[in-house]
Structure formats: structure tokens, C-alpha cells
Amino acid sequence: MPDHQINPNKWIDLYADYLFNYTISRVSDREIAQDLVQDTFLAALKSMKNFKGEASERTWLISILKRKIIDYYRKINSNKGKAEVRINYKDSDSEGDWLEERVADPFDKTAEDALENNELGEAILNCLSKLPAKQAEVFKMKTILDYETETICNELNITASNLWVIIHRARTAMANCLKENWL
Amino acid sequence: MSKIKVFMPCNEAGHICDKAQYEEATLWDKIKLKMHVLYCKGCRKHTKINTKLTEIIKVSNVECLDKKCKEAMKKTLEQALNENKHQN
């Protein structure tokens, strides 16, 4: 039994957005990304014993997630491979250059842009995690999920002027946090 | 003709600046803000940084999960955790 007690509710509050953001910049599909993050948490739960606490919990989760993403691409690439072999056998001109060139590589498309933006995305989520929970929640809903003011007010049971005060504090804190490297 | 208020205190300018980040400031709001930052250095600086924050969040394409989705994840995870406990 590891001495490290885990609380799944906390796990998701702490890491789900970070893992999701990491995934979606690599698979570009919300639903698939959600599934991969869910799978990652479940796999992590099963292999808790292997977590020695040498890395941070987040790094450990990311390493599991990376494998999940690779598995996902392997699966879709093997399907593609099968389809293309059949097509290419009919065409003698392209014989010999089919497989390697046609395997979709998830990491080569605009790799550098994605990498830089991903770093920025991570920095934003890091700063968000330093905010008080309520501020972070409101800021996320308003700024990242693009919810209407009214929707947020109803869901969180706050007034509009309340919301704007929270947004103001959150934006000021975010600007301070990101100032050094990004603003 | 009623007197139109052009000058406003900084906290109001800050509020308009926040609303402007979400396209929720009216044209008149924006005009007032423009006037205000002409003579107020502090608000000028704040507006610049606030606008930059909006820009970098936009280019970052940062994404996050909504509440419902997280609740669902929590449920699944809790279930799995309970099953684990029973097995041990």
C-alpha cells in the first residue's frame, strides 16, 4: 500500500485541464481527448503502486498519457495502413513508396507552432492553478470556454456585478503571473 | 440637453476595459474609455496589459474541460477506486 493517499476528486481538479490541454494539441478532437484523459486517470489508478514519488504526480500522469496518445495513433494508423495497401497494389507506379509516406504523423504538422502554443497554454493553466478556486472557475468559464455571462451567473448562483469583480481580480492576477515571460 | 458624462473614475474605466475584452462594452463605453486613457497613465498601462492578456489566451488555443465533463470523470474514477478497494 503506498503511503501516498489519492483523492480522485482532487486529482481531476488539479490535473484534468492540464492533461486535456496537452492531449487536444496532439489529437485535435475534444471527444477523443476527453476519452484519453479519462483512460489516463484509470490507468494511473491501476498502477498507483508503480508511482514512487520520484517525479511529480503531474509528470507521472503525463507519462501515462503520452503512451495513451501513442497507442491511439498506432491504432488509427494500422487501420489506415490496411486500407492503403489495398489501393496501392493496383497502381504499379507507386509501388514501393506506399507505407512510410502515408502513415499519418501526428507530430509533424506545424510542429513548431503547436509546440510554442502548447508551452503558452501550459503557462496559462499553471497561472490559473495558482488562483483561488472560484476565481479560476469563473475565469475559465468566461475566457476559455466562452460562456455567456448569464449562463455563468445561473450556474454558479452569482450576480453579474459579482462576476465582473471576480473577473477583474482574476485578470489582474493572471496578467501578473504571465507578465514576466509572456506579456 | 442633459449633461453627458465623459469623465469617469478609474474603477469604472477598469470595468469597461474588462467588458471590452469579452466584446461586451458598448460603443459609448469604448469612447469613454478612449478619452479616459488619454489623460490617465495608470489606466493606459492597465488597458494595454489587459488587452495583451486577451490576445495571448486567444493565440494559445488553450482548452479546458467543462464542469459536467469533470463531474462525469470524477464519478468514473470514484467507481474504479471503490472496485479497487474491494479487490484488495
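The sequence lines fix the lettering, A, B, ..., with proteins before strands; numbering per chain opens at 1. Here the structure is a predicted model, which means the values were calculated and not measured.
Summarising the geometry of B:His36 relative to B:Cys43, their closest heavy-atom pair is NE2-SG, 3.3 Å, with the distance given to 0.1 Å.
Proximity of a side-chain donor or acceptor of A:Arg58 to a complementary backbone N or O of A:Tyr15 within less than 3.5 Å is not detected. Side-chain atoms of A:Arg169 do not come within 3.5 Å of backbone N or O of A:Val165 as any donor-acceptor pair.
For the pair A:Lys140 and B:Asp66, the salt-bridge criterion is not met [side-chain N within less than 4.0 Å of a carboxylate O]. The residues B:Lys70 and A:Asp13 are annotated as not salt-bridged, no charged nitrogen and carboxylate oxygen being separated by less than 4.0 angstrom.
Contacts of residues 126-134 of chain A with chain B at a heavy-atom distance below 4.5 Å are absent; not one residue qualifies. Contact residues of residues 151-163 of chain A toward chain B are A:Glu155, A:Leu156 (heavy-atom distance under 4.5 Å).
With a 4.5 Å cut-off on non-hydrogen atoms, A:Phe20 touches chain B through its side chain but not through its backbone. Neither the backbone nor the side chain of B:Glu71 comes within less than 4.5 Å of any heavy atom in chain A. Residue B:Glu55: no heavy atom, backbone or side chain, is found under 4.5 Å from chain A. For A:Leu42, the parts lying near chain B are the backbone and the side chain together; criterion is any non-hydrogen pair under 4.5 Å.
Residues A:Thr143 and B:Gln21 form no side-chain contact, since every pair of their non-hydrogen atoms from C-beta on lies 4.5 Å or further apart.
The side-chain contact (heavy atoms from CB on, under 4.5 Å) search around A:Asp39 returns A:Lys68, not counting sequence neighbours.
In terms of non-hydrogen atom pairs under 4.5 Å with chain A, the most contact-rich of B:Ile57, B:Asn50, B:Ile49 is B:Asn50.
Note that A:Arg74 lies outside the cation-pi zone of A:Tyr72, set by a 6.0 Å cut-off to the ring centre and a 45° limit from the axis. Judged by the 6.0 Å and 45° rule, A:Lys142 forms no cation-pi pair with A:Tyr147.
Pairs engaging residues 44-53 of chain B under the salt bridge (Lys or Arg N to Asp or Glu O under 4.0 Å) rule: none recorded [sequence neighbours left out].
A side-chain N or O of A:Arg171 and one of B:Thr54 form a donor-acceptor pair less than 3.5 Å apart. In the model, A:Ser56 has a side-chain atom that pairs as donor or acceptor with a side-chain atom of A:Thr59 under 3.5 Å.
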